[in-house]
Number of protein chains: 4
Amino acid sequence: MPKTKTRIQKKNEATILAAGLEVFSQYGFRGSTLDMIAEVAGLSKPNLLYYFPSKDAIYKTLLAQLLENWMKPVYAIDAGGDPVAEILKYAKLKLRMSQDFPRESRLFANEIIQGAPQIGEVLHGELRRAIVDLAVVVNGWVATGRVRPVDPYHLVFSIWSLTQHYADFDVQVRAVMGGTDPMIGAEQHLEDMLRQLLTV
Amino acid sequence: MPKTKTRIQKKNEATILAAGLEVFSQYGFRGSTLDMIAEVAGLSKPNLLYYFPSKDAIYKTLLAQLLENWMKPVYAIDAGGDPVAEILKYAKLKLRMSQDFPRESRLFANEIIQGAPQIGEVLHGELRRAIVDLAVVVNGWVATGRVRPVDPYHLVFSIWSLTQHYADFDVQVRAVMGGTDPMIGAEQHLEDMLRQLLTV
Amino acid sequence: MPKTKTRIQKKNEATILAAGLEVFSQYGFRGSTLDMIAEVAGLSKPNLLYYFPSKDAIYKTLLAQLLENWMKPVYAIDAGGDPVAEILKYAKLKLRMSQDFPRESRLFANEIIQGAPQIGEVLHGELRRAIVDLAVVVNGWVATGRVRPVDPYHLVFSIWSLTQHYADFDVQVRAVMGGTDPMIGAEQHLEDMLRQLLTV
Amino acid sequence: MPKTKTRIQKKNEATILAAGLEVFSQYGFRGSTLDMIAEVAGLSKPNLLYYFPSKDAIYKTLLAQLLENWMKPVYAIDAGGDPVAEILKYAKLKLRMSQDFPRESRLFANEIIQGAPQIGEVLHGELRRAIVDLAVVVNGWVATGRVRPVDPYHLVFSIWSLTQHYADFDVQVRAVMGGTDPMIGAEQHLEDMLRQLLTV
DNA sequence: TATGAATGAGGATTCATTCAT
DNA sequence: AATGAATGAATCCTCATTCAT
């Protein structure tokens with residue numbers, strides 16, 4: 001019999017994942033406790049473990065979901081489109097994701113900083129393949145003189161690091177900028193930087 | 001009489017701090033245990049606490065040391081020097097620090113991601129002041145047409161995020177780049193990017 | 001919705017408090033361990049902490065309960081009654097409490113000897129007020145010649161010290177008296193002493 | 001070679017015992033730490049253990065010294081003297097000891113409350129013998145009508161408990177009496193009480 | 001004689017997980 | 001589907017004592 005999930009089941013799983021994201025993204029895996037997650041979820045601790053077999057399972061489910069969304073934008077780059085426009089589209093999408101899903105970003109950052117124990121394989125597999133493919137495209141653009149000569153890998157790192165910085169280092173960004181909203185100038189700067197870097 | 005530290009004392013404190021850095025930078029404060037640190041330090045757990053009153057004290061000492069080194073480069077920027085050269089000098093220094101002290105960088109990243117519970121004040125105080133001062137300098141350069149118009153804050157974030165990315169996201173960087181040494185192209189790219197962004 | 005306690009909850013809390021009283025009254029707060037209390041209670045150590053948040057909480061709960069019962073007898077003294085009879089009634093009540101609740105008495109004694117870190121405020125507040133009020137009554141009796149001139153405070157100390165002596169110094173009392181039951185002559189002596197002291 | 005103690009040895013042993021008394025009397029045996037004692041003594045912890053083999057040894061030495069002084073007054077009672085005067089002399093001596101050596105009193109109280117693990121034997125031996133002898137004397141006085149009929153044991157307990165109360169329950173006594181010095185009325189009351197109780 | 005260094009044996013408390021209902 | 005009850009395995013920290021000098 002195929003396990004069809006009831007409405008309540010779906011709702012609670014979603015609630016737990018949301019709570020898990022909230023907590024894990026701030027305190028990391030080991031720094032988070034089921035009590036915290038249960039508190040945020042508004043459920044009892046044993047009830048959490050009724051829906052997920054373990055703390056680990058919640059964390060892994062979150063990471064899996066995250067990776068899916070994390071990879072999507074790369075595939076949206078159109079090798080046939082205008083180079084600068086395509087890169088900018090990608091970069092802005094990344095920036096918006098950092099704005100809209102800062103907790104996901106921090107969850108990811110925590111996982112990577114700790115050596116990617118859970119998602120190491122994905123990094124070496126799917127992610128690497130996607131970026132290698134992208135590098136071929138970019139190198140093609142460079143070879144045909146459509147963009148300035150640029151290392152595709154470091155280009156990607158620039159985009160990743162800066163966009164995620166606004167989410168992951170939010171506290172520092174806000175501390176440094178005082179009351180100013182960081183996001184106001186962020187996109188402008190990102191676009192300017194990439195245009196200068198890429199436009200021939 | 002000023003308590004002069006024994007040779008053994010100095011050695012062991014250094015050993016413990018090194019071990020603490022190793023462990024805290026990877027697992028964060030809550031994810032690290034005194035057992036791990038003792039293991040790495042090659043000392044017994046109570047002996048750790050003979051030199052430092054608590055786990056917290058080790059962590060705070062590390063952060064304090066870190067902050068000191070972290071702030072230095074900013075102050076080395078010479079308002080009277082060549083704008084692009086000064087910014088480049090700073091950026092390259094930062095990059096080298098990430099290369100040479102990746103654990104310090106990750107320790108810092110962990111602290112910030114978790115909301116900077118320990119160093120929040122420094123961020124709002126000394127760090128903010130330093131960057132505000134730097135912004136004045138950069139804005140001066142912009143106003144006199146010596147560099148392209150850039151937002152000083154986002155310029156700084158670009159430098160910070162990219163340079164630290166190589167340390168904090170090392171696993172991902174290496175996964176994506178396969179066998180290639182990330183550092184070979186990193187400085188080149190950093191310089192290119194900043195020159196394009198800043199040169200009028 | 002008021003948290004109504006389960007039957008099990010009530011039972012276990014009572015069990016723990018009884019065990020805590022047993023242990024704390026003999027070894028004092030610092031000399032007692034959760035292991036001892038768990039052993040006596042027949043519960044696991046973490047289970048103790050499931051019902052009470054800390055060792056301290058068990059101790060404080062016990063002291064709070066104790067103080068309530070400890071204060072009651074004072075309030076039962078009727079200013080309008082026969083002076084000697086009222087004092088005797090109070091003294092005998094105290095004596096019976098020492099007999100029936102020797103552990104409570106020792107718990108109290110331990111707390112006081114160590115400087116009353118927990119209940120210092122109650123001593124300066126409620127207890128002092130009660131005894132000051134009592135002193136007024138006794139002084140009234142003295143002034144109207146209904147009892148011999150006595151210092152109300154030292155009268156109270158006499159009653160407290162002697163009655164509690166049988167509980168707190170039980171070992172010594174029994175050692176000195178050999179096989180004789182201390183309580184047989186105790187009440188007799190107490191009554192005789194107070195009558196001689198008070199009767200005009 | 002007979003171990004003759006050097007001057008420094010004597011001095012340090014005395015210092016340690018004084019510090020031990022200070023600490024043990026307040027926190028009890030298990031509640032006291034060598035660190036506390038070392039702190040009070042102004043000596044290093046290992047140095048303490050150079051003079052005394054263990055924490056236990058310090059405690060036992062203190063108790064032994066204490067018992068010696070504690071027993072003396074009883075022997076000073078003169079069976080041939082005036083009954084009331086002799087009892088009063090004894091009681092006042094006890095009171096003065098409580099005033100002058102409150103820490104000794106509390107140390108003793110702590111030991112007894114905890115079941116007299118160290119000095120149980122002395123209580124059953126020397127102390128019991130002394131009080132039994134005293135009882136014979138008092139009973140003689142009673143038989144010959146020189147004092148009112150009193151139970152010698154409970155008489156002794158009255159004296160012990162009240163006099164020690166001022167030392168052991170000092171905090172409570174002072175709390176109840178407010179600013180008044182407890183000792184001013186104490187002796188007066190003690191004398192009055194005993195005279196009333198004993199005088200035919 | 002004195003003390004800096006070191007540690008094994010606790011001791012309070014936390015936490016993921018299991019059990020019973 | 002939900003939760004009160006329970007616990008073994010940590011985890012931070014304390015402390016009497018030992019060791020080396």
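Just so it is clear: chains get the letters A, B, ... in the order the sequence lines come, proteins before strands, and each one is counted from 1.
Between the CZ atom of C:F52 and the P atom of E:dA12 there is a distance of 16 Å, rounded to whole Å. Between D:K45 atom NZ and E:dT3 atom P the separation is 14 Å, expressed in whole Å. Straight-line distance from the CD1 atom of C:I58 to the P atom of E:dG11: 15 Å, rounded to whole Å. Rounding to whole angstrom units, CZ of residue A:R7 and C1' of F:dA1 are separated by 15 Å. The interatomic distance linking A:I16 (CD1) with F:dA1 (P) rounds to 12 Å, in whole Å. Computed from coordinates, the B:M36 CE to F:dC12 C1' distance equals 13 Å when rounded to whole Å. Straight-line distance from the CG atom of C:D35 to the C1' atom of F:dG8: 14 Å, rounded to whole Å. Between C:D56 atom CG and E:dG11 atom P the separation is 17 Å, expressed in whole Å.
When the side-chain nitrogen and oxygen atoms of A:T33 are compared with OP1 and OP2 of E:dT14, none of them lie within a distance under 4.0 Å. Phosphate contact (OP1/OP2 of F:dA5, side-chain N/O of C:N47, threshold under 4.0 Å): absent. Distances shown here put a side-chain N or O of C:Y50 below 4.0 Å from the OP1 or OP2 atom of F:dA5. Contact annotation: A:T6 reaches the phosphate of F:dA1 (side-chain N/O to OP1 or OP2, under 4.0 Å). Note on D:R30: a side-chain N or O is less than 4.0 Å away from OP1 or OP2 of E:dG11. Between B:Y51 and E:dG4 there is no side-chain N or O to OP1 or OP2 distance below 4.0 Å.
Pairing for F:dT21 is with E:dA2, a Watson-Crick or G-U wobble pair whose two hydrogen-bonding atom distances lie under 3.5 Å. Here E:dA16 sits opposite F:dT7 as a Watson-Crick or G-U wobble pair (both hydrogen-bonding atom distances under 3.5 Å). The base-pairing partner of E:dG11, taking Watson-Crick or G-U wobble contacts with both distances under 3.5 Å, is F:dC12.
No donor-acceptor pair closer than 3.5 Å links the side chain of D:E22 to the backbone N or O of D:A19. Within the 3.5 Å criterion, the main-chain N or O of C:E111 finds no donor-acceptor partner in the side chain of C:Q118.
Distance from the side chain of C:L49 is smallest to E:dT13 among E:dT17, F:dA2, E:dT13. The side chain of C:P46 approaches F:dA9 more closely than any other nucleotide in the set F:dA9, E:dT17, F:dC12. Each of E:dA2, E:dA16, E:dA5 was ranked by its minimum atom distance to the side chain of A:K55; first place goes to E:dA16.
Checked against side chain to side chain contact (heavy atoms under 4.5 Å, CB included), B:P46 has the following partners two or more places apart in sequence or in another chain: B:S44.
Backbone-only engagement by B:L34 is indicated by non-hydrogen atom pairs under 4.0 Å involving sugar-phosphate atoms exclusively. Residue B:N12 is classed as a sugar-phosphate contact, given heavy-atom separations below 4.0 Å to backbone atoms only. Residue contacts for B:L43: at a heavy-atom cut-off of 4.0 Å it reaches no nucleic acid atom on any strand shown.
When all heavy atoms are compared, the tightest approach of C:L107 to C:L66 is CD2-CD2, 4.2 Å.
In terms of position on DNA chain E, the residue among B:L48 and D:S44 whose nearest nucleotide sits closer to the 5' end is D:S44.
Geometrically, C:K45 does not engage C:Y50 in a cation-pi contact, judged by NZ or CZ lying under 6.0 Å from the ring centre and within 45° of the ring axis.
Classification of the B:F24-B:Y59 ring pair by plane angle, with boundaries at 30° and 60°, yields perpendicular.
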